[in-house]
Amino acid sequence: MAFVVVENVSKTYSDQESGIGVPVLRAVSTEIAEGEFVSLMGPSGSGKSTLLTILGAMNHPSQGRLLIDDIDVYALSDERRADFRSQYLGFVFQQHHLMPYLNAIENAMLPLATLPMSSLEKRRRGLEVLEKVGLAEKAKRLPNQLSGGEQGRLAIARALVNDPPLVLADEPTGTLDTKTGDEIMRVFLDLNRRGQTIFMVTHNPENASLAHRVLHIRDGELEFAPDSTAGTASRFSPAL
Amino acid sequence: MRISTIALASLRRRKGKALFLMSGIGIGIGTAVALLSLSGSLRDEIGSQLDRFGANIVVTPHSDSLALDYGGISVAGVSFDQHQLSDADVAGISRIRYRKRLSVIAPKLIGTTEVDGRKTLIAGVDFSSELRLKKWWRLTGRPPESPTDVLLGYEIARAVSAIQAVPGSLAKTDRGTPHHVATPEEIRITKQKVSLGGREHRISGVIAQTGGPEDRMVFAQLGQVQGLLGRSGQLSVIEVSALCKDCPVEDIVAQIKQELPHANVSAIQQSVRARAEAVDRLSRFSLVVSAVVLAIGALMVFTTMMGAVVERTKEIGVLRAIGFRKTHIIRSLMIEVVIISAAGGVGGWLAGLLAGRLALPYFTEGGAQMELRLSLAVFAVAVAMGTGIISSIYPALRASRLDPSEAVRYV
Ligand SMILES: Nc1ncnc2c1ncn2[C@@H]1O[C@H](COP(=O)(O)OP(=O)(O)OP(=O)(O)O)[C@@H](O)[C@H]1O
Ligand SMILES: [Mg+2]
């Protein structure tokens, strides 16, 4: 059994004005194995973010099931699903969404705030993930005192602090220039090489191709992609 | 890193908004505290004025005869009484439901006896309560200590030659107006003992002239007089003083009547009551104004919090997405509100006290004090927090229901 199983997931949003249902995802099925790095590509409005939020246990599908670690995620109650996210998932948002009033280490520790854990242990973990993304020196900085790439890495650190089996990222390089985008991708690849399962939405074909597998979505339907084998672009080879 | 860490950091970040909310609540609480402490001080002033007037409830036996007179109150004669008052009735009065509101219960037995051979009114009293009741009495000498000590009224003391004018003031008394009232300093006790019904008693003090019935009376310890008159355990009248700031005199009268069905219970209406009613109206007005100002403060908290929720949609969505429960979101917002409103409550309390103190002289004839009441501080902070919390419940619930997937889609 794969670690993540998406079973015939459909999502229909009702149009705010007419109230008519607009199908966004149509019977999507796929699987993600443990340790896999999967990227998702598709045109704007094709339903990428919708699929990601469904995988993220925070957007109830209209039909179908999501199993993660054999848990039927949407059979859980709302509060239990919050606990599930806290235990199983790490999120990297496109805009990073760091808390502007918390410094780097506090931002990194944010997902631990609700957990029963000594503050010493929380700090230790926060520092550990900052080290992982190369930000340990800048632990006391506020987000606006960090570069775009550093903010992205901080967002990844926050996604990793609860040691999640699955990391979800929605266009983590979308707002960054190529160089800082590469910086982020390097962190992802590094994490994946150490066994981290990653699901990433991206517009950038080059970044997508760094994953083991690329999924293509169009009008809410997954396309069969012939070229879905793993590939690592040569420009990263020296670094890895 | 705990939920409170987030709340505190968020407060620090949004100082301006926090101060705005704090002052909103502070103004409401300040207004309430100023008005309440002001009307409280006025009540205290009236209360002490009422206390100076002495008893406000008089308990006498049912009787047809009007044998003896005491201060305009008829005191029944012995022989015609169906029902005598007795020591047990004092216990009865101290059993009523409002007993905590009673400050003094002063039982007396009144009769006649021979003082150095003169027929005189004598009152047996419990000196400790009697002296508390008759605050206007001024003594030359000392309050009685031993059971055989007596106090003489001014006229009696003169009649039995127990006092003399102090040299120097004598001339003034003689020469002065006929209405001159001798002060305790102007007289001197010249006699140690007096005989009551043939028995020797020590004169411990003389009551300075009051112009009232006590000038022509002798006061001795209740038990002694009961023995002297052969009326053991009996009483002629019980005077009761209630703590009158907010005493429901009518209710107290009714309760005493219920406890002592055989007695006459009557309340003495005081002219001060008119003023007490004015103050009552002031306190009611204060409460209404405070409530209105607080309601405005609550509305302010409500709209500001609703705004904050919209403003923080993204932030709250992110927190939900990374595993915060709804209750965690509510808790984090509530911690902020509690801190803001507690600070607003303390600030408002201080400001209100200051304002009340500054305004006090314009409302009183001077002499009124503003007590520092801990209860008012507790009340202020509690109401502030209550207002803050209640007006934030709905915004916090709204916040907790935000869709976390919005946070991801946000551009
Ligand atoms: N909450 C919602 N209510 C109504 N319609 C929605 C909602 N969320 C998404 N949609 C619609 O669903 C479709 C897919 O949206 P989604 O955000 O998944 O696209 P996307 O592939 O992530 O696009 P992009 O590349 O621009 O981010 C869009 O047409 C969008 O307007
Ligand atoms: Mg999207």
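Given the structure is predicted, the values throughout are model-derived calculations rather than measurements. The sequence lines fix the lettering, A, B, ..., with proteins before strands; numbering per chain opens at 1.
- Your options are B:His328, B:Arg325, B:Arg13, and the one with the most heavy-atom pairs under 4.5 Å with chain A is B:Arg325.
- Contact of the A:Phe188 side chain with the A:Asn207 side chain is not registered, since no non-hydrogen atoms from C-beta on lie closer than 4.5 Å.
- Ranked by heavy-atom pairs under 4.5 Å with chain B, the first of A:Leu102, A:Leu98, A:Leu110 is A:Leu110.
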Evaluate A:Asp83 against A:Ser86 for side-chain hydrogen bond (donor to acceptor under 3.5 Å, both in side chains), listing each step before the verdict. CA-CA 5 Å; A:Asp83 296 346; A:Ser86 150; 6.0 Å; no

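- Each of A:Glu79, A:Lys122, A:Glu106 has some count of heavy-atom pairs under 4.5 Å with chain B, and the biggest count is that of A:Glu79.
- The environment of A:Leu120 atom CG is sparse: at most 12 non-hydrogen atoms of other residues, nucleotides or ligands sit within 6.0 angstrom.
- Looking at B:Thr327, both its backbone and its side chain come within 4.5 Å of chain A, counting heavy atoms on both sides.
- For a residue to count as touching a neighbouring chain, one of its non-hydrogen atoms must lie under 4.5 Å from one of that chain's; by this rule A:Pro100 touches chain B with backbone and side chain alike.
- With a 4.5 Å cut-off on non-hydrogen atoms, A:Met109 touches chain B through its backbone and its side chain both.
- Ring pair A:Phe91/A:Phe93 is parallel by interplanar angle, where below 30° counts as parallel and above 60° as perpendicular.
- The choice from A:Asp78, A:Leu112, A:Thr114 that makes the most heavy-atom pairs within less than 4.5 Å of chain B is A:Thr114.
- Proximity to chain B is limited to the side chain of A:Arg158, based on heavy atoms less than 4.5 angstrom apart.
- For the salt bridge (charged side-chain N to carboxylate O under 4.0 Å, His left out) test, residues two or more places apart in sequence or in another chain that qualify with B:Glu311 are B:Arg14, B:Lys17.
- Residues A:Val73 and A:Leu67 form no side-chain contact, since every pair of their non-hydrogen atoms from C-beta on lies 4.5 Å or further apart.
- Note on A:Arg81, A:Arg80, A:Met99: by heavy-atom pairs under 4.5 Å with chain B, the leading option is A:Met99.
- Using modelled atom types and a 3.5 Å distance limit, the side chains of B:Ser405 and B:Asp403 yield a donor-acceptor pair.
- For the set B:Arg2, B:Lys326, B:Arg331, the count of heavy-atom pairs under 4.5 angstrom toward chain A peaks at B:Lys326.
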